Amino acid sequence: MKKFLLIVLALALLPVAALVIITPMDSQKQYIFGLLSIGILFLMGLSKNRTVSVIMVVMSVLMSTRYMYFRTTQTLHFNSEIEAILGIGLFMAEVYVWIMLLLSYLQTTFPLKRTIVPLPDDTSLWPTVDVYIPTYNESLDVVRDTVLAAQCIDYPRDKVKIYILDDGKRREFAAFATDVGVGYITRNDNSHAKAGNLNHAMKITQGELICVFDCDHVATRIFLQATVGAFLQDPKLALIQTPHYFYSPDPFERNLSVGRNIPNEGMLFYGPIQQGNDNWNATFFCGSCAVIRRSALEEIGGFAVETVTEDAHTALKMQRRGWNSAFLDIPLAAGLATERLVLHVIQRTRWARGMTQIFRMDNPLFGRGLTLQQRLCYLSAMLYYQFALPRIAFVTAPLAYLLFNLNIIHSSASLIFAYALPHLFLAIYVNSRLNGRYRYSFWGEIYDLVLAFHIALPTAVTMLFPKRGKFNVTDKGALLDVGYFDFRVVRPHLIVAILLAAGVVAGIVRACAHDYFGVDPWVIALNVGWGIYCLIFLLGAIAVARETRQVRKTIRIDVEIPVLLHYASGIVSRTTTQDLSMGGCRIAAPDDRHLKDEIEEVELLLQSEAITIPVQTVTADENTIRLMFEEMPLARRRELVRVVLARADAWVNPPKPQDNPFRSLLTILRSVFELFWLSWTQRRKNRRLAEQENRAA
């Protein structure tokens with residue numbers, strides 16, 4: 001009955017919505033209407049009620065659709081062919097953004113916050129599980145702790161089997177598997193890359209459920225107990241996906257000083273988007289940190305091999321067959337983020353190609369088996385990776401007027417401002433309200449611009465020739481001894497930034513002498529403001545290319561664990577760790593004994609056990625001691641993994657503060673300022689060093 005009443009109410013309000021969208025206004029009336037809408041939005045924003053959020057989403061949709069109606073009916077008149085080409089290109093980019101806005105609201109307005117389904121007390125009812133850890137060219141240093149963490153998972157030993165799927169066919173991996181007591185599977189060829197590797201293992205193993213971890217993803221002890229219960233509750237559940245959590249910083253977090261204070265790039269997807277997908281039974285399989293029902297995989301012929309994103313395509317195939325999917329928003333495993341910006345670009349290019357392949361070869365809009373909501377969720381994911389050309393269109397569009405005096409929007413500056421600003425303001429404000437703890441305002445511009453110039457051609461080629469290209473593995477675990485600026489990655493960004501800067505200067509000159517040039521100063525102001533806006537984000541993207549040193553082989557995690565320090569003299573002191581890694585730890589100095597007595601061992605005290613590890617002192621002062629762990633046997637290393645990486649709460653962190661769009665914009669401006677400041681100081685330093693060398697010579 002409630003659903004029926006909502007449908008009736010929506011139909012009754014359709015004429016009102018149509019009036020809001022199509023009623024024409026001059027600039028003065030539109031300014032008043034826009035300001036009233038913004039004022040109402042601010043008042044509604046004082047309430048945290050979910051229903052109020054839905055109303056605000058409706059307001060944003062109406063204002064954005066009104067802007068698009070204005071663009072369609074009043075601005076598409078051109079004086080020349082080149083203006084028509086550029087103007088229609090910009091308009092199509094705006095249509096794309098409008099469609100993506102509507103699809104994003106569908107995904108994020110109604111998130112499903114799923115909880116853990118407990119397993120029955122009788123362990124004989126628990127299903128058997130095969131844990132797959134596929135690897136190809138990664139080092140044993142990366143894979144070792146993933147395997148040891150999998151062995152720490154709390155699940156009956158007779159019901160879980162762990163397998164290393166080695167497509168690299170390496171002897172040291174086979175020997176390691178034997179030493180730790182896990183299965184080792186390889187094959188004669190590498191056909192279909194990761195998907196082929198997984199499918200080959202399916203033919204050899206028999207577990208009712210299959211758990212997949214990328215070779216750098218270490219699981220917490222409760223991974224299976226938190227995920228397997230859902231399969232017993234729902235016999236049609238094919239997949240449960242958990243977030244990809246990264247305990248090492250990605251290029252944005254590491255290369256920007258403000259990076260650690262903002263949600264990382266993946267949090268929006270592994271938060272509101274996947275929760276929204278889950279609400280519509282459209283959760284995507286993401287290739288790792290997931291559990292899948294074997295019978296569902298066998299029904300579709302195994303993991304999908306037709307595209308380079310075998311994960312999302314596999315989920316799509318299962319959902320077409322009527323299987324259910326779920327997303328549990330609890331970080332139960334953690335891995336390594338891409339270490340350098342160029343690797344980040346390569347990885348995202350593969351994702352873009354893969355989603356484009358699905359769009360061309362198995363488009364979810366067509367065919368049987370999916371609900372309308374599922375089709376739209378997949379459409380959102382596939383269309384997202386077509387952002388490159390629209391982004392490029394937006395950042396280069398001001399140049400048409402500033403450098404070439406071409407009018408690609410046929411309207412007065414006042415009218416454009418009156419329609420565009422409320423549309424943009426409402427969209428930013430509402431998205432900040434819905435997703436503000438997972439993605440800060442304007443940072444999506446930085447993330448997309450970093451990639452736009454690199455994925456534009458691959459996505460275009462894949463759209464035309466979907467079977468081209470091959471699977472590429474993302475390198476993990478590398479170190480960077482010396483920081484540098486990666487000009488190769490941001491060369492196109494630098495070119496466009498220089499052109500925009502030139503255009504802004506030219507526009508300011510024309511504005512100051514508008515009587516001489518015979519131009520409307522408000523039109524110049526619009527394009528100059530637009531150019532400065534784009535330039536800020538371009539420079540923010542360029543700043544990410546300032547690669548900082550990465551010399552730690554193991555990532556340190558902030559955790560306080562009681563420890564006993566065993567000195568060479570036989571004395572024992574009690575203190576706590578300040579951070580901990582698989583290679584060492586930093587501890588609070590209990591007194592000054594460490595300054596005169598050597599520490600030989602550190603004993604980590606847990607609730608039910610203690611681990612003693614031989615150590616060497618790296619550095620020490622009156623307050624802290626840095627210790628490096630010495631080589632240890634695999635059994636002891638497994639215990640250390642259990643303490644450091646596999647704790648049940650290892651990756652559960654407090655949420656980020658709620659987004660403030662103005663503060664978020666200031667952090668981007670700070671990143672841009674630091675780019676110039678650090679570049680200037682580095683040049684001064686290099687100049688001084690050169691002068692010293694010349695004097696010495």
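Since this is a predicted model, take the numbers as computed values, not measurements.
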Geometric cation-pi criterion Arg66 and Tyr69, 6.0 Å radius, 45° cone: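 No, cation not above the ring by the 6.0 Å, 45° rule.
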Ring-face cation contact, Trp323 with Lys236, 6.0 Å cut, 45° max: yes
Any heavy-atom pair between the side chains of [Y] and [X] that's under 4.5 Å?
{"X": "Phe285", "Y": "Ile292", "value": "yes"}
{"X": "Arg439", "Y": "Pro263", "value": "no"}
{"X": "Tyr384", "Y": "Met100", "value": "yes"}
{"X": "Thr338", "Y": "Phe246", "value": "no"}
{"X": "Arg50", "Y": "Pro111", "value": "yes"}
{"X": "Arg433", "Y": "Val52", "value": "yes"}
{"X": "Met63", "Y": "Met59", "value": "no"}
{"X": "Tyr184", "Y": "Thr186", "value": "yes"}

Over 12 non-hydrogen atoms of neighbours within 6.0 angstrom of [atom1] in [X]:
{"X": "Met92", "atom1": "CE", "result": "no"}
{"X": "Lys656", "atom1": "NZ", "result": "yes"}
{"X": "Arg368", "atom1": "CZ", "result": "no"}

Step-by-step side-chain hydrogen bond (donor to acceptor under 3.5 Å, both in side chains) determination, Asp659 to Ser432: CA-CA 6 Å; Asp659 172 47; Ser432 175; 2.7 Å; yes
Tyr247 and Trp651 aromatic ring geometry - parallel, tilted or perpendicular at 30°/60° bounds: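 Parallel: the ring planes of Trp651 and Tyr247 meet at under 30°.
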Plane angle bin for Tyr385 and Phe387 - parallel if under 30°, tilted between 30 and 60°, otherwise perpendicular: tilted
Test log, rule salt bridge (charged side-chain N to carboxylate O under 4.0 Å, His left out), inputs Asp167 and Lys194: CA-CA 8 Å; Asp167 253 5; Lys194 180 181 176 181; over 6 Å; no
Salt-bridge contact [X]-[Y] (side-chain N to carboxylate O under 4.0 Å):
{"X": "Arg71", "Y": "Glu94", "value": "yes"}
{"X": "Asp362", "Y": "Arg320", "value": "yes"}
{"X": "Glu299", "Y": "Lys317", "value": "no"}

Any sub-3.5 Å donor-acceptor pair from [X]'s side-chain atoms to [Y]'s backbone N or O?
{"X": "Trp126", "Y": "Pro120", "result": "yes"}
{"X": "Asn199", "Y": "Ala195", "result": "yes"}
{"X": "Glu310", "Y": "Phe303", "result": "no"}
{"X": "Gln374", "Y": "Thr371", "result": "yes"}
{"X": "His454", "Y": "Val489", "result": "yes"}
{"X": "Thr108", "Y": "Ile273", "result": "no"}
{"X": "Thr459", "Y": "Ala456", "result": "yes"}
{"X": "Asp166", "Y": "Arg170", "result": "yes"}
{"X": "Tyr96", "Y": "Leu383", "result": "yes"}
{"X": "Thr109", "Y": "Leu106", "result": "no"}

Polar side chain donor-acceptor pair, [X] to [Y], under 3.5 angstrom:
{"X": "Ser124", "Y": "Asp122", "result": "yes"}
{"X": "Glu339", "Y": "Ser248", "result": "no"}
{"X": "Arg360", "Y": "Thr462", "result": "no"}
{"X": "Trp98", "Y": "Thr65", "result": "yes"}
{"X": "Tyr132", "Y": "Thr205", "result": "yes"}

Reference residue Leu101; test side-chain contact (heavy atoms from CB on, under 4.5 Å); the match among Val61, Val57, Asn431: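 Going through Val61, Val57, Asn431 one by one, the side-chain contact (heavy atoms from CB on, under 4.5 Å) with Leu101 is satisfied by Asn431 alone.
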side-chain contact (heavy atoms from CB on, under 4.5 Å) against Pro235, all qualifying residues, sequence neighbours excluded: none
Asp250: partners by side-chain contact (heavy atoms from CB on, under 4.5 Å), with sequence neighbours left out: Phe252, Glu253, Asn264, Glu265, Ala337
Residues Glu138, Thr135; criterion side-chain hydrogen bond (donor to acceptor under 3.5 Å, both in side chains); working and verdict: CA-CA 6 Å; Glu138 299 85 359; Thr135 176; 2.7 Å; yes
Value rounded to 0.5 Å, distance of CG in Leu237 from CG in Asn281: 8.5 Å
OG on Ser64 to CG on Leu424, rounded to 0.5 Å: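 Leu424 atom CG to Ser64 atom OG measures 7.5 Å (nearest 0.5 Å).
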Results of salt bridge (charged side-chain N to carboxylate O under 4.0 Å, His left out) for [X] - residues two or more places apart only:
{"X": "Asp649", "result": "Arg647"}
{"X": "Asp189", "result": "Arg187"}
{"X": "Asp154", "result": "Arg221, Arg642"}

Pair Gln107-Asn277, side-chain hydrogen bond (donor to acceptor under 3.5 Å, both in side chains): steps then yes or no: CA-CA 6 Å; Gln107 289 179 293; Asn277 289 342; 2.8 Å; yes
Residue pair Gln386, Met463: steps toward the side-chain contact (heavy atoms from CB on, under 4.5 Å) verdict: CA-CA 10 Å; Gln386 310 308 312; Met463 189 67 76; 3.7 Å; yes
Salt bridge (Lys or Arg N to Asp or Glu O under 4.0 Å) pairs, two or more places apart, involving residues 123-135: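 The answer is Asp130-Arg294.
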Candidate pair Lys159 and Val129, rule side-chain contact (heavy atoms from CB on, under 4.5 Å), full reasoning: CA-CA 6 Å; Lys159 287 182 173 289; Val129 182; over 6 Å; no
Candidate pair Phe213 and Phe223, rule ring pair (Phe, Tyr, Trp, His ring centres under 6.0 Å), full reasoning: CA-CA 11 Å; Phe213 293 112; Phe223 189 93; 4.8 Å; yes
Given Asp234, Thr283, Asp278, the one that forms side chain to side chain donor-acceptor pair (under 3.5 Å) with Asn324: Asp234
Criterion side-chain hydrogen bond (donor to acceptor under 3.5 Å, both in side chains) on Tyr270 and Gln241, from CA distance to verdict: CA-CA 10 Å; Tyr270 291 109; Gln241 177 69 55; 5.6 Å; no
Shortest non-hydrogen separation from Ala452 to Ile392 and the atoms involved: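 The pair with the smallest heavy-atom distance is O-CD1, 3.9 Å.
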